[in-house]
Amino acid sequence: MSLFSTPDHAAQSPLLSTLNPEQRAAVTLPAEHALILAGAGSGKTRVLTTRIAWLLQNGLVTPGGILAVTFTNKAAKEMMTRLSSMLPVNVHGMWIGTFHGLCNRFLRSHFKMANLPQSFQILDTQDQLSAIKRLCKQHAIDDERFPPKQLQWFISGCKEDGQRPANVEARDDETRRKVEIYQMYEEQCQREGVVDFGELMLRSYELLRDNDPIRAHYQRRFRHILIDEFQDTNRLQYAWIKMLAGQGANASPDMPGGAVLAVGDDDQSIYAFRGARVGNMADFVREFHVQHQIKLEQNYRSYSNILDSANALISHNGNRLGKNLRTDQGPGEPVRVYESPSDYAEAQWMVDEMKQLHREGIDRKEIAVLYRSNAQSRVIETALFNAAMPYRVYGGLRFFERAEIKHALAYLRLLENPNDDTSFMRVVNFPARGIGARSLEQLQDLAKATGCSLHDAVSALTGRAGAAIAGFVAKIDVLREQTSGLNLRDIISRMLEDSGLLAHYRAEREGADRVENLEELVSAAESFVMQEGFGRDAAGMTQSAGLTQSPASQGLSGEAIEQYGIEPTDLTFGDTGETLSPLVAFLTHAALEAGDNMAQAGQDAIQLMTVHSAKGLEFDCVFITGVEEGLFPHENSMSDRDGLEEERRLMYVAITRARQRLYMSHSQTRMLHGQTRFNLKSRFFDELPEEALKWLTPKLPAPAAFGGAGRGWQGGNASGYSGGYGNQGSSGFESTRYPAGGTVRVEKEVVRRDESVNGLVVKQKVFHAKFGEGTVLTLEGTGDDARAQINFPRHGTKWLALSVAKLTPVP
DNA sequence: AAGCAATGGATTTTT
DNA sequence: TCCATTGCTT
């Protein structure tokens, strides 16, 4: 159970003086496995970094004995920044990083044992998809039956579950074929010397699993393993941790691994769709026989009206580890709820409210607008733009994902590895060199027949087409020679000129931004070289980290090094910068850290983002918009309980972003996919404590489309409509009549609510031979086109063509 | 080989 | 509605 006593020598430490008892207990835990349940705004990162600092300061571990894992580069950086502000320690020498960053470091150190070229390149999601498309074309795979996107999802999913093609259980022909493609994809990657994100993890895991000395080495080395956002780990990541901690099937009793400190919040698990398993938390407690569990429930972020709302909402989820946020701050402002007639009006209201907040002295960057899906940003952007209010949208392409940058990177990769066919295909005819699809197909067939790369197959190519491609290859080869020995900056500048990329974009009418980005790439490379300290004195770095250790002290004999191909880099804690060329390091950096995705960073601007991307952030004022059935909870997640509970957690995350003021709004109508949708307010409103809320718009008439064109929105606030949706009047907009989803699609203004269609009227009860008794929700069209949306209690909502369905009116 | 119209699909995202 | 992708035209 929780350990609240603190060792004497630690109590005096200034590191601990400002921590609350739970935080202090977590920081000063003994070297045993522990789970920290860290609520939103409870000082989680602080606990993690202070824990590391405390361990180091008290000589309980050396910097080399720490392994600290995060999911994002941002989190890793923050941890390093905070740590170095607490202690004079070289954080870059320590194993603090993302899962993928650390796996990359590990694989570079043991590239021979991992059966990889030392300068292997990393495929990002885009690259992976194009590699799969290329593979499919090559093997004439029907892309109707096997869409590349779906194959990508399949392959990534297998890897996340730790499965190689041989391990995948294929029960049907389709899966068998997918597994074959998976197998071919692996061979292709291996041949080309590239790995995708999943492969970084999987291959690291397998190397640890299958190589006893390497596993033993790392198990002995990492005395303290700290995992951030543990609820987001997938199967493979959990297995990887288990392996490193010596808890897996390969655990050796004589040589116990390090202590695992898992920090997470099951209530903030919102990434199930990408393979995250909250269940890892419970598994961890069971499989590691965790004796220490500490809950951090004291919240330092929000006023209690906000926290009460969050607590009340999340209490509707089952299967929680259980946690309640509390604060010493007062109730603060009530949570304001606004109902608007349209998404447009919702945005208008928001802009007005924001202006007021800004007048009251709140910075624009302290105001965030959160939405469930990206498509919702459009209306809001328009409203902000028209009001001339600066704003910033998160999401979209990041720097290293832009087309022109990807092109430049492809050239750079070809300099390093001519066998990188993905890069070859990307730029062989860009800028255009008169190389057509026909001749490239020829080249690909030739390469396939000889089992070599496209680059190597060129020499065997004949004819005029062959000459053009040979010209390209020669260009790359010449460039490689000319840039050898140059520094990174000069390599990139030279490449940008000689490839013709710059010339191409300079000639393009709208190419100015792209030219700018390419020039930015040179600066990015320069600052990368500065930061990573290439050319820095390696010995000096080792000393400053206080980490100078002989191979033997790290558990490896010189013999092991000979025998198992463990590179010296690993023994100086695997800093890849020591042995890799700056170019390879930069390319790796580009793949693992795609860069910023915010436009106009730094300006005082309203922050727009999805709820997902708001995780981990906080703002003085937060607007949660589109809180409607079908949108939030999203219709695709509402069918099963797990999906709905994840939506609820998502809402929990959204609510807990706010420090002072929280607004939640929903709209009766919304433009989505070119159609006006009529949405009901979200069920989540019913799960919030009424006493913490303030309804700004308790009264609105039923939407005009339901009542007839004449009645507008404006008069709404004055009419005597109370308590949720209209149960007065005959327009019949009753929430109870609608099934989950509550959305009525309106097509070309043919919806009828006030007249009969083929003898039916809305709200009428009908009988269907198969579905039983149901209620008509919507009628649209006329004659043979007439359709009715009917809610059958047993079978859900159906759209039935009235010319086909046999319906009997029920009195 | 480039440019344009038709087509289809449209939660959420990091590495 | 609006975006990316694709097939077809010039």
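Order of the sequence lines fixes the chain letters, A, B, ..., with proteins taken first and strands second; residue numbering starts at 1 for each chain.
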(message) At 4.0 Å (heavy atoms only), tell me whether Q237(A) reaches a base, stays on the sugar-phosphate, or touches nothing.
(response) nothing
(message) What residues from residues 368-383 of chain A pass a heavy-atom cutoff of under 4.0 Å to DNA chain B?
(response) R372(A), S373(A), N374(A)
(request) Verify the stacking flag for H612(A) against dT12(B): centroid separation must be under 5.5 angstrom and the ring planes must differ by under 30 degrees. (result) no
(request) Would you check if the side chain of N429(A) reaches a backbone N or O of I435(A) as a donor-acceptor pair within less than 3.5 Å? (result) yes
(message) For the CZ atom of F120(A) and the CD1 atom of I122(A), what is their distance to the nearest 0.5 Å?
(response) 5.5 Å
(message) Checking the side chain of D124(A) only, and the main-chain atoms of D127(A) only, is there a donor and an acceptor separated by less than 3.5 Å?
(response) yes
(message) Using only atom types and a distance under 3.5 Å, with no angle test, would you say the side chain of H504(A) pairs donor to acceptor with the backbone of G500(A)?
(response) no
(message) Applying a 4.0 Å non-hydrogen cut-off, can you work out what N73(A) is touching in the nucleic acid: base, sugar-phosphate, or nothing?
(response) sugar-phosphate
(message) Main chain of A272(A), side chain of E646(A): is a donor-acceptor contact present, judged purely on distance under 3.5 Å?
(response) yes
(request) Go through DNA chain C in 5' to 3' direction and return only the first and the last nucleotide with some atom under 4.0 Å of chain A's heavy atoms. (result) dT1(C) to dC3(C)
(request) Check the distance between dT13(B)'s C1' and L592(A)'s CG and give it to me in whole angstrom. (result) 16 Å
(message) I want to check one thing: is the phosphate of dA1(B), taken as OP1 and OP2, less than 4.0 Å away from some side-chain N or O of R438(A)?
(response) no
(message) Once rounded to the nearest 0.5 Å, what's the spacing between atom OG of S109(A) and atom OH of Y218(A)?
(response) 5.0 Å
(message) At less than 4.0 Å, is any side-chain N or O atom of T610(A) found next to OP1 or OP2 of dT13(B)? Yes or no.
(response) yes
(message) If we ignore hydrogens and angles and just use 3.5 Å, is the side chain of T625(A) paired with the main-chain N or O of Y371(A) as donor and acceptor?
(response) no
(message) What's the gap between dT5(C) and dT12(B) when it is taken at their P atoms, as a whole Å value?
(response) 16 Å
(message) Between S667(A) and S342(A) (side chain of the first, backbone of the second, donor and acceptor by atom type, cut-off under 3.5 Å), is there such a pair?
(response) yes
N/O-N/O pairs, protein side and nucleotides 2-10 of chain B side, under 3.5 Å:
{"from": "dA10(B)", "atom 1": "N3", "to": "H673(A)", "atom 2": "ND1", "distance (Å)": "3.2"}

(request) State the syn/anti category of dT12(B) according to its glycosidic angle, syn meaning within 90° of 0. (result) anti
(request) Give the intermediate values and the outcome of ring pair (Phe, Tyr, Trp, His ring centres under 6.0 Å) for residues H612(A) and F273(A). (result) CA-CA 12 Å; H612(A) 279 93; F273(A) 71 90; 5.6 Å; yes
(message) Can you tell me if F273(A) is stacked onto the base of dT12(B), using a 5.5 Å centroid cut-off and an angle below 30°?
(response) yes
(request) Indicate whether any N or O donor in one side chain lies under 3.5 Å from an N or O acceptor in the other, for R277(A) and N280(A). (result) yes
